[in-house]
2 protein chains.
Amino acid sequence: MRVLLALLLSATIAPPAAADPLEAAHRLVAAARDDAWGYRLLEGLTTEVGPRLAGTEAERRAADWSAGKMREAGFDAVRIEDFPITAWVRGVETAKIVAPVPQPLVVTALGGSVATPAGGLTAEIALFRTLADMMDAPAGALAGRIAVVTQRQTRFLDGSGYGAANPVRRAGPSEAARRGARAYLHRSLGTDSHRLAHTGALNYRDDAPRIPAAALSNPDADQLERLAARGAVTVHVELSPLSLPDRKAYTVIADIRGREKPDEVVLIGAHLDSWDLGTGAIDDGAGVAIVTAAARLIAKVAPYPRRTVRVVLFGAEEMGYSGAAFAAAHGSEADRIVVAAECDFGARRVVSVELPKGAAGTPFADALTRALTPIGVVASPVPATRAGDDVNPLGKMGVPLMALRQNGIDYFDIHHTADDTFDKVDRDELAQATAAWAAFAYLAAEMPVDFRASAER
Amino acid sequence: MRVLLALLLSATIAPPAAADPLEAAHRLVAAARDDAWGYRLLEGLTTEVGPRLAGTEAERRAADWSAGKMREAGFDAVRIEDFPITAWVRGVETAKIVAPVPQPLVVTALGGSVATPAGGLTAEIALFRTLADMMDAPAGALAGRIAVVTQRQTRFLDGSGYGAANPVRRAGPSEAARRGARAYLHRSLGTDSHRLAHTGALNYRDDAPRIPAAALSNPDADQLERLAARGAVTVHVELSPLSLPDRKAYTVIADIRGREKPDEVVLIGAHLDSWDLGTGAIDDGAGVAIVTAAARLIAKVAPYPRRTVRVVLFGAEEMGYSGAAFAAAHGSEADRIVVAAECDFGARRVVSVELPKGAAGTPFADALTRALTPIGVVASPVPATRAGDDVNPLGKMGVPLMALRQNGIDYFDIHHTADDTFDKVDRDELAQATAAWAAFAYLAAEMPVDFRASAER
């Protein structure tokens, strides 16, 4: 009894949250690593909602479901905003080798692709090992052909192989069309060797015909390379996706309201939409779980920091709409956003942080480094210049950006495939990432940081 | 010139094959590890033929292709035999969760399954964590339901988890039907976590209605478990496979003819048919490559042993026809088969050998152990009682069996899925396995072994 009384007194006399931001950050980190709330949230989202393609009923369900969970968890001012998009939904997607010997091919349509003629199209392929090789082909050189690019994505811990290979998916279809191709296939942007193709959005150029485009699984790209080395190869491909204009997508927003300066906002985001093939566990259910669980822990363990911690779940990242939509809707509040960051790189550990420009050496940087070094997070020597597709437009409006980089060594084994499911998530790694986000958001909300000022020094 | 003459003389005076079987076995092992012929054979089979389901045109192509390669390689008496089977070919196979929330499911029909009604069937599921749990349900308890069994296969290096889980696939459909189920789904027999379902043959019982049956990918089985724990789940499934009676399957046979006793045969086999989902690289293109390359090396490096080394490529292992067909066609020669073994457990290293009963301690066992210990192969204390589905019937006819066990730690990650493709094969591991098979077949053909006699001692 005497011990209990002493504990109560000490809690009353020295409220820990206000006493020392670093001490509170340490407590947040410890609490996050023992907390399964985010892991359970992710289990629920991927199970009870499942795939949630932007602009579909499933995304609406995801928004309602998430808002409900945040209300239950005691978030302030939970709201859902909508914005218009052209949705894109997958249809039939089949392909096969017709000659020299019939064999099935595993493909998946690229987001935004037009359909093939009904019943598909059949043509000899023109295979290139790199996009650059295809670009060397003159106009008309691919007339009547299915262009195939088998360039590989290289595995890096930071995922930088994806950026290097990205034009293969984004620009390849229009570049093939300019040279006369009837359709475009490419080796999936992915680092695995499974018969699961990786989808993702393409970008048609206005000055090129729109041709149907799909990704091959890595083993299927290998097979076409081997066969093309032996002679002519004829492929049949059928895709029947649809573009649906005038659909709505949804942004879910919820706050941990600041106790002194509620109008100043630390914005931590993730995207709620997912590709339809998997259940969006690592992309980006994990981000949703990490930032939501981090904010919830701040409210429970270090309530309430001076500024508002705002969780924003974006609704159309994969098709590239939600960053611009949010910036358009909330641009007038940009000057009150202290810092913005998006968590969209899987479910593994945070390994480094990129601070806002000029923030190195500040008391904030010192406190964050002290909080995160014990859990294996390194301060990057490079300031954050990009922090997620949905917050980068805020950065262009002058909002300071922060990036928490995760271990992505196997992120692109799963990314944008049917394999993006809950079983791929490690509970302890998710908890470590949650701890890092909680410490960052708390310290930015509690400490008197002014990243705009430090950037100018 | 003098050196060349000396070499020719020494070759003439002391043919190395006859000099010392162990020395020749060591040379075979060394040659096999540097030889890429088998790896290239596997690359060609999986590329130029691809999937080769028993009883289809593709299997006929595989037989012709393999016979051609063996003729080119100088095998003796290359021949193709046919035998009648009922083929089974896959059709549409789709499934989805209808309630509580629409989501796709990844399934694949089991070999031999009947079709669902056209358009599929929809029913609430009855989910059981083990086959034993389902067996506890009384007759009629599953009336109108889709029975789902989510029992897991455990990972073992020797693959023994497959045998333990096998009744889930083989017996489950009829056991579900006896209890009134309209269809049967089960967690794939497999140790991976990919959205690729594992096919394989079922065995309908004559006293039960034949209901459609399919395997779920592991993550899909997880998803149904999670949803069933929350409440009722309704699933739609459509399968349209066909059974095709009166088809032919093919056995390819080729010899390295014995120099003294050509009628005495060391039989090394593998199966040429494969499931249709992948290209049959590890199941069993690897076995085809290993035994064919081993026999070819014997002809080149230690020509020609006293007895015949016979390569038999069986044509309908997956649907369970070819072992019985071969035993029926060649049973009269059984007493001239010195020993039989089938290579059908993937493309990894041989880790142990199970000798024919009574062979432990013989000069053959001593020589084989000395040849294989340097490449990491252990002599099992257990004699071979099973040596592959296609040669086990020979064993029942009194033919001594031998087993070379491979590392199968990840065999069931890939087995019977679309992922069974050439990229999964490690060249060095395949070469090590080829070395072990070459040493075994050579020593059994060269040394005066009589396993029937040693078994009786």
Side-chain angles (χ1 to χ4, degrees), chain A residues 40 42-53 56-58 61-62 65 90 92 94 96-97 100-106 192-197 217-231 233 276-281 413-414 417-425, chain B residues 40 42-53 56-58 61-62 65 90 92 94 96-97 100-106 192-197 217-231 233 276-281 413-414 417-425:
Chain A
R40 286 199 308 268
L42 180 53
E43 193 255 20
L45 177 63
T46 54
T47 301
E48 297 172 20
V49 179
R52 43 198 185 277
L53 198 60
T56 65
E57 277 304 304
R61 276 196 299 276
W65 187 95
R90 195 175 303 282
V92 167
T94 60
K96 60 188 176 186
I97 298 166
V101 63
Q103 297 188 39
L105 290 170
V106 174
D192 64 297
S193 288
H194 297 296
R195 297 291 291 288
L196 295 167
S217 89
N218 265 301
D220 290 274
D222 294 345
Q223 187 79 329
L224 288 182
E225 282 184 351
R226 285 189 294 263
L227 284 167
R230 286 161 159 90
V233 180
D276 51 331
L277 298 173
T279 60
D413 289 355
I414 298 165
T417 72
D419 243 357
D420 183 2
T421 49
F422 181 64
D423 50 292
K424 309 306 184 302
V425 176
Chain B
R40 288 200 307 270
L42 180 54
E43 193 255 19
L45 177 63
T46 54
T47 301
E48 297 172 19
V49 179
R52 43 198 184 277
L53 198 62
T56 66
E57 278 303 304
R61 277 196 300 276
W65 187 95
R90 195 174 305 282
V92 168
T94 61
K96 59 187 176 187
I97 297 166
V101 62
Q103 297 188 41
L105 290 170
V106 174
D192 63 297
S193 288
H194 298 298
R195 296 291 290 288
L196 296 166
S217 89
N218 265 300
D220 290 274
D222 295 345
Q223 188 79 330
L224 287 182
E225 282 185 351
R226 285 189 293 264
L227 284 168
R230 286 160 159 91
V233 181
D276 52 330
L277 299 173
T279 60
D413 289 356
I414 299 165
T417 72
D419 243 356
D420 183 3
T421 50
F422 181 64
D423 51 291
K424 309 305 184 302
V425 175

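We use all heavy atoms of the structure for the numbers below, so side chains are in, but hydrogens, waters and symmetry mates are not. By convention in this document, chain letters (A, B, ...) are assigned in the order of the sequence lines, proteins followed by strands, and residues within each chain are numbered from 1.
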Peer 1: At a heavy-atom distance under 4.5 Å, which candidate from B:Val106, B:Asp423, B:Asp220 has the highest pair count against chain A?
Peer 2: B:Asp423
Peer 1: Quick one: CZ on A:Arg195 to CG on B:Leu196, what's the gap to the nearest 0.5 Å?
Peer 2: 8.5 Å
Peer 1: Heavy-atom cut-off 4.5 Å, strictly under: side chain, backbone, both or neither for A:Thr46 against chain B?
Peer 2: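 Contact with chain B involves the backbone of A:Thr46 alone.
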Peer 1: Within the 4.5 Å heavy-atom criterion, are B:Val101 and A:Val49 side-chain neighbours or not?
Peer 2: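 Counting from C-beta outward, B:Val101 and A:Val49 never come under 4.5 Å.
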Peer 1: Using the side chain to side chain contact (heavy atoms under 4.5 Å, CB included) rule, take A:Asp192 and B:His194 through it: C-alpha gap first, then chi angles, then the decisive distance, then the call.
Peer 2: CA-CA 11 Å; A:Asp192 64 297; B:His194 298 298; over 6 Å; no
Peer 1: Name the member of B:Ser193, B:Pro102, B:Gly278, B:Ala58 that forms the most heavy-atom pairs with chain A at distances under 4.5 Å.
Peer 2: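 With the most close heavy-atom pairs to chain A, the winner is B:Ser193.
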Peer 1: Give, as side chain, backbone, both or neither, the part of A:Asp419 having an atom under 4.5 angstrom from any heavy atom of chain B.
Peer 2: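 Contact with chain B is through both the backbone and side chain of A:Asp419.
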Peer 1: Answer with side chain, backbone, both or neither: which region of A:Glu48 has an atom nearer than 4.5 Å to a non-hydrogen atom of chain B?
Peer 2: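 Both parts, heavy atoms under 4.5 Å.
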Peer 1: Shortest non-hydrogen contact from B:Thr421 to A:Pro219?
Peer 2: OG1-CB, 3.7 Å
Peer 1: Would you say A:Gln103 and B:Thr279 make side-chain contact, with heavy atoms under 4.5 Å?
Peer 2: yes
Peer 1: When only pairs under 4.5 Å are counted, which of A:Asp420, A:Leu227, A:Ile414 shares the most heavy-atom pairs with chain B?
Peer 2: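 Most heavy-atom pairs under 4.5 Å with chain B: A:Leu227.
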Peer 1: What part of A:Pro100 gets within 4.5 angstrom of chain B, counting heavy atoms only: side chain, backbone, both, or neither?
Peer 2: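 Neither the backbone nor the side chain of A:Pro100 comes within 4.5 Å of chain B.
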Peer 1: Checking heavy atoms, do the side chain of A:Leu277, its backbone, both or neither come under 4.5 Å from chain B?
Peer 2: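 Answer is backbone: N, CA, C or O of A:Leu277 sit under 4.5 Å from chain B.
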